[in-house]
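Please read the structure below before turning to the comments.
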Protein chains: 2
Amino acid sequence: MVKKRVTITDIALEMGITPSTVSRALAGNQRVRVDTRERVLNVAAKMGYQPNVLASSLRSGRSDTIGMVVPRINRHFFSHVISGVEAVLNPAGYNLLISQTHERQEHEIKAFSTLLRNRVAGIIVSHSVETQTFEHFRQIIDEEISLVQFDRVTEQVPGPRIVNDNFLGALRSTQHLIKNGCRRIAHFAGALHVNVYEQRLDGYRYALEQAGIDVDPALIVENCIVQEAGMEAVENVIVPQQVDGIFAASDLSALGAIRTLKELNIAIPEKVKISGFANEPFAEMIDPTLTSVEQNAFEMGNQAARSMIESLGKEDPVSEEIHIPVRLIQRRSSVLNNSI
Amino acid sequence: MVKKRVTITDIALEMGITPSTVSRALAGNQRVRVDTRERVLNVAAKMGYQPNVLASSLRSGRSDTIGMVVPRINRHFFSHVISGVEAVLNPAGYNLLISQTHERQEHEIKAFSTLLRNRVAGIIVSHSVETQTFEHFRQIIDEEISLVQFDRVTEQVPGPRIVNDNFLGALRSTQHLIKNGCRRIAHFAGALHVNVYEQRLDGYRYALEQAGIDVDPALIVENCIVQEAGMEAVENVIVPQQVDGIFAASDLSALGAIRTLKELNIAIPEKVKISGFANEPFAEMIDPTLTSVEQNAFEMGNQAARSMIESLGKEDPVSEEIHIPVRLIQRRSSVLNNSI
DNA sequence: GTTTTTTGTGCAAACGTTTGTATTTTTGTA
DNA sequence: TACAAAAATACAAACGTTTGCACAAAAAAC
């Protein structure tokens, strides 16, 4: 099904010179005369030459393809990170090979394998929620392929980690609820072995402690990040425990809570104040609008790409952690008066 | 930066056999004895062998990488199509190389070039909004690379086209407004050189004609697909023209209209009924909830991938058009009583 | 027991580049 | 004009596979 394509040998034959000269001319090598370079470029263009990246990478041992492994491409946050990575990598001459894990470690392992087989120069990854062991990173590290982690990361693997300031976001968010009069504040947490949810819980705890409020374990709802979980939590925790504030680690569970509270005619924000996390697009569209912590996914992608490019130039990976600032966006779900 | 990796030659040396036998064993070739195959597999696993796709593709002339070109990765619709493509392609052993055009034809051309250089087996593409000429598809066609178009497509390029049933969606949507009592129905259209928007306009027109309602050009607002455009259109068209129904080609412009109408205290759906297109996640979250035409992006991706795989097996491309069914979802923005 | 067929391996070339080294051409200098 | 130095080009090997063909050993047929 594939036609034969024009190669540098074809160009060389056409011009009566050698493939090596053509190669050097195309590469902009200094050792080829200016006018021959221009002639080569002309003939190449005329013949519709497209360099064969496979052959080039094979011979040179260099690759301009970066692999990216994310839980789900079609999640708002991740698709924006991807976009941010692409925005930096493409102009720099790199391509992106993308795999999704669907939150399965098994798929993560397969994805790594595929990327290694494709001889990517580096891998940008955010762990699947299942991922708690890291032996499958061994091969990447052993083969000295640059590795950049973002969002869901671990210190057990070397290389740069690009993360949101989850702790600060949670801290500010909880402080905001306290400042607005909440005293019994619940937390909808995620899976606590994942760094982002652990840190959000820490921020929540710290805010309470600073304010002299006891942390009540009964008010911490684990694995509460989807809408349905938020709904159930209202029945099981919010109402029985007489909660007056909710800091949700996810906008979706916050949404679930809002919906159920509205059904029960419990006034938001009068009776219960709510803030979420991620500032999903719907946060400003629902009624009441949802206070949330904005995380700059696009910028996170930019930074991940920049760290990757930097890593590619270095011998040994630097295991720094880079924080992308977050911002609390106050909306009606947590503020009484109409001043916002 | 890249360590030397284990090759089939290393395996062959280790076992005292020949690289060709190793190659055949790994490929599952019949001509190699069963027990040697198993021994090879064992040694390969033990040595941590990862086949070099570059070398393999270079030699065999075959590629298991598919390129995908979309306007924007981080748009809800496209990210779901990508996900759908991936869901079919990955299990079939293909990889996805993704580029975004940011709606620029110039980037589309560059993306094609990149994919060709990477010797992809096929390209799945949805045009940028700028794309009105198609010479840059020439090279893809000439090199006999499989091409599948989706959503934004043209008949000027051969190969399968996977599209939503835009006409039917628009027809049903407009009929729905008519059935609910609207007589002066405006249409927020997109760029009419793009097939999807053209077809939505056609569906709108056809519905009016069938109902014996004159099509008033003053009620057709072109290039009205972002929120701001919807807002402006309320001031410029909806109010002055005493419109009682809006069929928007985009949920975003519908949202803009809703917001401005609410500001002007014009009751929805009592005074103006509205329906959008795409069924974005926010459609069921805003107030009032937005009637919209659901398009199955994930399924569209599945189908695009299936068509691609099919194309790869064929000599000549079949230029069929495959329609993904759409569904009108009735919500409060267009229906008076509470029965929905 | 010899010949034919089958089965399993090995050999070597090829895919399209890049790149170290050798060779030729050009340039500069005496 | 001759000669060395510098510049430009050519040669050939290599990257890691795949694959047609040759070949040997084993199995089957006579």
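Only this structure's heavy atoms are used, side chains among them; waters, hydrogens and symmetry mates stay out. Everything numeric here is computed off the predicted structure, so don't read it as measured data. Chain letters run A, B, ... following the sequence lines, proteins first, then strands; residues in each count from 1.
For the 3.5 Å distance criterion, the side chains of B:Gln100 and B:His107 fail to qualify, holding no donor opposite an acceptor.
Rounded to the nearest 0.5 angstrom, B:Glu38 CD and B:Thr36 OG1 are separated by 9.0 Å.
Pairing each heavy atom of A:Gly301 with each of A:Val85, the nearest pair is O-CG2, 3.4 Å.
Within the nucleic acid shown, A:Ser20 comes within 4.0 Å of at least one base atom, counting heavy atoms only. Contact annotation for B:Ile17: backbone-only contact, meaning every heavy-atom pair under 4.0 Å involves sugar-phosphate atoms and none involves a base. Residue B:Arg119 is classed as having no contact, given no heavy-atom separation below 4.0 Å to the nucleic acid. Looking at heavy-atom distances under 4.0 Å, B:Ser23 makes contact with a base. Within 4.0 Å of A:Arg117, counting heavy atoms only, lies no atom of the nucleic acid at all.
An OP1 or OP2 oxygen of D:dA10 is reached within less than 4.0 angstrom by a side-chain nitrogen or oxygen of A:Thr21. The phosphate of C:dT17 (OP1 or OP2) has no side-chain N or O of A:Ser60 nearer than 4.0 angstrom.
Whole-Å rounding puts the B:Arg62 CZ to C:dC15 C1' distance at 12 Å. Between A:Met15 atom CE and D:dA8 atom P the separation is 15 Å, expressed in whole Å. The distance between atom CG of B:Leu54 and atom C1' of C:dT18, rounded to the nearest whole Å, is 14 Å. D:dA12 atom P lies 16 Å from atom CZ of A:Arg59, rounded to whole Å. Look at CG on B:Leu13: it is 15 Å from C1' on C:dC11, rounded to the nearest Å. Nucleotide D:dC15 holds its C1' atom 4 Å from the CG atom of A:Leu58, rounded to whole Å. Here the C1' atom of nucleotide D:dA22 and the CZ atom of B:Arg24 are 11 Å apart, to the nearest Å. Look at CD1 on B:Ile11: it is 11 Å from P on D:dT18, rounded to the nearest Å.
Under a 4.0 Å N-O distance rule, the pair B:Glu144/A:Arg5 does not qualify as a salt bridge. Here B:Glu299 pairs with B:Arg306 in a salt bridge; the nearest charged N to carboxylate O distance falls below 4.0 Å. The existence of a salt bridge linking B:Arg104 and B:Glu108 is excluded, since no basic side-chain nitrogen approaches an acidic carboxylate oxygen closer than 4.0 Å.
Aromatic pair A:His127/A:Phe150: ring centres not closer than 6.0 Å.
Across residues 27-45 of chain B, B:Arg31 each have a non-hydrogen atom less than 4.0 Å from an atom of DNA chain D (numbered order).
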